[in-house]
**Q** 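For reference, the structure I am asking about is given below.
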Amino acid sequence: MDVNLLEVEQLRKSYKDAEVLKGLSFTLARGDVLVVAGPSGCGKSTLLRCINGLEPFQSGVIRLSGRDLTAPGVKWTEVRQKVGMVFQSYELFPHMNVLDNLLLAPRKAQGLSKSEASARAASLLERVGLKDKMKSFPRELSGGQKQRVAILRALMMKPELMLFDEVTAALDPEMVREVLDLMLELATDGMTMIIVTHEMQFAQAAASRVLFMDEGEIVETSSPDVFFTFPKTDRAKQFLNIFHFEKKERRH
Amino acid sequence: MDIEFMINCLPMYVQAAWLTLRIASAGIALALGAGLICALVRSAKIPVASFIVSAYIELSRNTPLLVQLFLLYFGLPKAGVYLSSQMCAIIGLVFLGGSYMAEAFRSGLESVDKAQRESAESLGLTKFQTAIYVVLPQAISVSVPALAANVIFMIKETSVFSVVALADLMFVAKDLIGMYYKTNEALTLLVGFYLLILLPVSALAAWLERRVRYAGFGNPA
Amino acid sequence: MQDLGILLEGRNLERLLYGLWVTLRISFASIAASIICGIIFGVIMTLRNRVLQAVCRIYLELVRVLPQLVLLFLAYFGLTRAFNINLSGETSAVLVFVVWGTAEMGDLVRSALISIPRHQYDSGYALGLSKADVYMSIILPQTVRRLIPLAINLATRMIKTTSLVVLIGVVEMLKVGQQIIEANRYTAPRAALWIYGAIFALYFLACFPMSLIAGRLERRWT
């Protein structure tokens, strides 16, 4: 039997006195698309940052393809080449054009030749219709374009797992779609992903599983159909109600 | 105004200006290097070194160059350390300018968002690669206007070098005033030569400030 | 440690402190006048009058581009010759530092004033406040907060710059130091190290607290 791509066991993390992750455990098989939902400050982003080694944690185990990432001697630079991450604020490198943004990590971290990396970049840009922006600088792109380039930059490393941290939260509404479409496409292609998002309709369409968190704990894990139509817990019901408006009668 | 006298004095001023420029360039280059190292040591929070750097920066920024030079040139020999005039001038200028450059680099480094570092590291780059390819280019371009202002500041500060017996512009002017009472001529040449050095530099600084401003874009404001 | 005692001998320390007092006297007179003139100059620079702006700009750039020591020479040697005014070293120093300090302070005031974003004014007016109210309770408090740390830094710069007055013959701390060293040339040959070391320390003690306060205020207010 194939090992799970990602296994998280009893992950605990606290800042000073506040415990933000209270012993989370879950697994992710290859090809899974896990949407992590929950109110602000529930620890969703911290979870992603722990998986990518950006945030130290107190106890627990994270295994990637069966390999314990908390073991001594683990090189995070190598792990991160297999785990791509996309941030809410894009974080393209403003002093480099689109192509150089894409080439930096494959060239420096993977030691790819320039021609090989450029070919990979060209085909990715082609695929999302941004090939003509190759020489543009980040400041010349729209928010949606920037975020798509940021996704491609992570894909350049041919990661096995992609982490998305509220990647549409900073975008204007009309730009959200192009980014979500790209993510849906990746999901269809079989990419394993963990997505933190507030876009509930997208979550319903893209997720193979929904993990609902509140106050640093996993409250429920369900298939999207179950979660969005018959959430098992009251906390999940309450949370989903936030996205629901009822027409009120006018008072007079 | 005695024009002929002024023309006769020109070679002395040219030589003095040349001396000022030579020492200023050496001092500025070394101060840039020292400043960058100090800023990196502080931003990396290296335990003891950080403290030493902070102490140096405070000492340097809160004392006048003139007093630093007196201590180097007249004080140190009494402790058995003999330095030439030029050496004193350069060391003094680097001691002074290093801290100003360090502060300029520091504000540049601080202007680079932490998330930029994280996103570079999340791509699998090492801390060193992140610093070289992502953080420093942005930090330095943010620092450029402040660095340029420091260059002008340092050139102006060189005007006290006559106290360590260097025949700079002030020295020549004072000499001419003392020996020939040609005050107007000496002062006119003095101002003229300083403007000749400083105006192009400050024009260059203004141009650089307008020019290098890409950093900070590309992120949501 | 040989000759360290020279500092405490006779009235040497007292004399050095008197020299410090001369330095600080020149500094504080210049700083006070520069702050007042600088505020006026800064406000004038924000007025939208082309001619006035050009004149201010030229004054600012000219005073700032030249080394302060050159300005001191111009005042001390130049004014005497050109206009037959005989200024003492101390008077020329205060004059020069005020001319220079006003330019620097004015520029700080100007940039503090224009750094308040347009919508701060707009939101004040939108609340129905009068122009005077907007300035008194919204704009000025913010401007002053930005200005104070910068003005303190300028003041420390002026104190440090005051060390230059020794070069136009004012008897201040460095000069007193030289005199003490000269007088004890044979009895305390290593005095220079300690005297100049002490002067270095005294300047530091005068400037460091100010820098510290400026830094604190800047962090707290911005």
Side-chain angles (χ1 to χ4, degrees), chain B residues 20 57-81 96 149 152-163 168-170 173-174 176-178 181-188 190-191 193-195 197-203 205-206, chain C residues 1-3 23 61-62 64-82 153 156-168 173-174 177-178 181 188-212 215:
Chain B
T20 299
I57 289 177
E58 294 304 339
L59 273 181
S60 149
R61 289 182 66 97
N62 288 298
T63 49
L65 176 61
L66 188 63
V67 177
Q68 295 165 10
L69 288 176
F70 266 69
L71 196 52
L72 282 174
Y73 192 67
F74 301 108
L76 277 190
K78 308 295 176 195
V81 184
L96 176 83
I152 297 172
F153 164 73
M154 287 177 72
I155 296 177
K156 285 164 64 181
E157 289 286 312
T158 63
S159 62
V160 299
F161 284 167
S162 59
V163 300
D168 74 337
L169 290 169
M170 299 305 298
K174 206 172 173 181
L176 293 177
I177 294 172
Y181 298 106
K182 298 278 189 192
T183 309
N184 292 343
E185 291 79 359
L187 290 179
T188 309
L190 177 69
V191 171
F193 269 85
Y194 266 114
L195 288 181
I197 295 173
L198 286 163
L199 282 182
V201 180
S202 76
Chain C
M1 285 297 161
Q2 195 189 341
D3 294 344
T23 304
E61 296 297 336
L62 209 63
R64 274 214 302 205
V65 80
L66 285 172
Q68 283 83 47
L69 187 56
V70 172
L71 297 177
L72 280 175
F73 268 45
L74 286 177
Y76 186 65
F77 298 110
L79 283 181
T80 320
R81 267 305 283 268
N153 280 334
T156 29
R157 262 172 81 198
M158 290 179 76
I159 293 178
K160 286 184 291 173
T161 308
T162 306
S163 64
L164 299 180
V165 300
V166 69
L167 300 175
I168 56 168
M173 197 163 32
L174 272 172
Q178 277 176 333
I181 293 163
R190 284 167 204 268
L193 182 63
W194 301 111
I195 295 288
Y196 291 136
I199 294 174
F200 183 87
L202 285 174
Y203 265 106
F204 181 76
L205 289 177
C207 296
F208 181 60
M210 293 174 68
S211 304
L212 218 56

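Bear in mind the structure is a predicted one, so any value in this text is a computation, not a measurement. Just so we're on the same page: letters track the sequence lines, and every chain starts at 1.
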**Q** Does B:T63 have any side chain to side chain donor-acceptor pair (under 3.5 Å) partners at least two apart in sequence or in another chain, and if so, which?
**A** B:Q68
**Q** Please determine, among C:S211, C:P67, C:A201, C:A206, the option with the most heavy-atom pairs under 4.5 Å with chain B.
**A** C:P67
**Q** With a 4.5 Å cut-off on heavy-atom pairs, point out which of C:L66, C:L202, C:T162 contacts chain B the most.
**A** C:L66
**Q** Is there a side-chain contact between C:F73 and B:L187 in this structure, where contact means two heavy atoms from C-beta onward sitting under 4.5 Å apart?
**A** yes
**Q** Once you measure the plane-to-plane angle for C:Y196 and B:F70, does it fall in the parallel (<30°), tilted (30-60°) or perpendicular (>60°) bin?
**A** perpendicular
**Q** Is it the case that over 12 heavy atoms from other parts of the model lie below 6.0 angstrom from the CZ atom of B:F153?
**A** yes
**Q** Pair B:F161, B:T20 - check side chain to side chain contact (heavy atoms under 4.5 Å, CB included), show working.
**A** CA-CA 8 Å; B:F161 284 167; B:T20 299; 5.9 Å; no
**Q** Got C:M173 and B:V67 here, is their nearest side-chain heavy-atom distance under 4.5 Å?
**A** no
**Q** Looking at C:L74, C:I199, C:L205, which makes the most heavy-atom pairs under 4.5 Å with chain B?
**A** C:L74
**Q** If we define contacts as heavy-atom pairs under 4.5 Å, which of C:R157, C:Q68, C:M210, C:R64 has the most with chain B?
**A** C:R64
**Q** Counting heavy-atom pairs closer than 4.5 Å to chain B, which one of C:I181, C:I159, C:L193 comes out on top?
**A** C:L193
**Q** Nearest 0.5 Å, what's the CD1-CG distance between C:I168 and C:L72?
**A** 4.5 Å
**Q** Given a strict heavy-atom distance threshold of 4.5 Å, which part of B:T183 is in contact with chain C: side chain, backbone, both, or neither?
**A** both
**Q** Tell me, out of B:V191, B:T158, B:I152, who's got the most heavy-atom pairs with chain C below 4.5 Å.
**A** B:V191
**Q** Using a 4.5 angstrom heavy-atom cutoff, name the option from C:S163, C:G197, C:G177 with the most pairs to chain B.
**A** C:S163
**Q** Tell me, side chain or backbone of C:L212 under 4.5 Å from chain B's heavy atoms, or both, or neither?
**A** neither
**Q** Between B:L59, B:L199, B:L169, B:L76, which residue shows the highest count of heavy-atom pairs closer than 4.5 Å to chain C?
**A** B:L59
**Q** Walk me through whether C:K160 and C:C207 qualify under side chain to side chain contact (heavy atoms under 4.5 Å, CB included).
**A** CA-CA 8 Å; C:K160 286 184 291 173; C:C207 296; 3.9 Å; yes
**Q** Using heavy-atom distances under 4.5 Å, tell me whether C:L167 contacts chain B through its side chain, its backbone, both, or neither.
**A** both
**Q** As a quick check of understanding, evaluate side chain to side chain contact (heavy atoms under 4.5 Å, CB included) for C:F204 and B:E58, giving each step before the final call.
**A** CA-CA 9 Å; C:F204 181 76; B:E58 294 304 339; 4.2 Å; yes
**Q** Let's test your reading of the structure: which of B:R61, B:M170, B:E157 forms the most heavy-atom pairs below 4.5 Å with chain C?
**A** B:M170
**Q** For C:E61, is it the side chain, the backbone, both or neither that has a heavy atom under 4.5 Å from a heavy atom of chain B?
**A** neither
**Q** Using heavy-atom distances under 4.5 Å, tell me whether B:I177 contacts chain C through its side chain, its backbone, both, or neither.
**A** side chain
**Q** Within the 4.5 Å heavy-atom criterion, are B:L176 and B:E185 side-chain neighbours or not?
**A** no
**Q** B:V201 versus chain C, heavy atoms under 4.5 Å apart: side chain, backbone, both or neither?
**A** neither
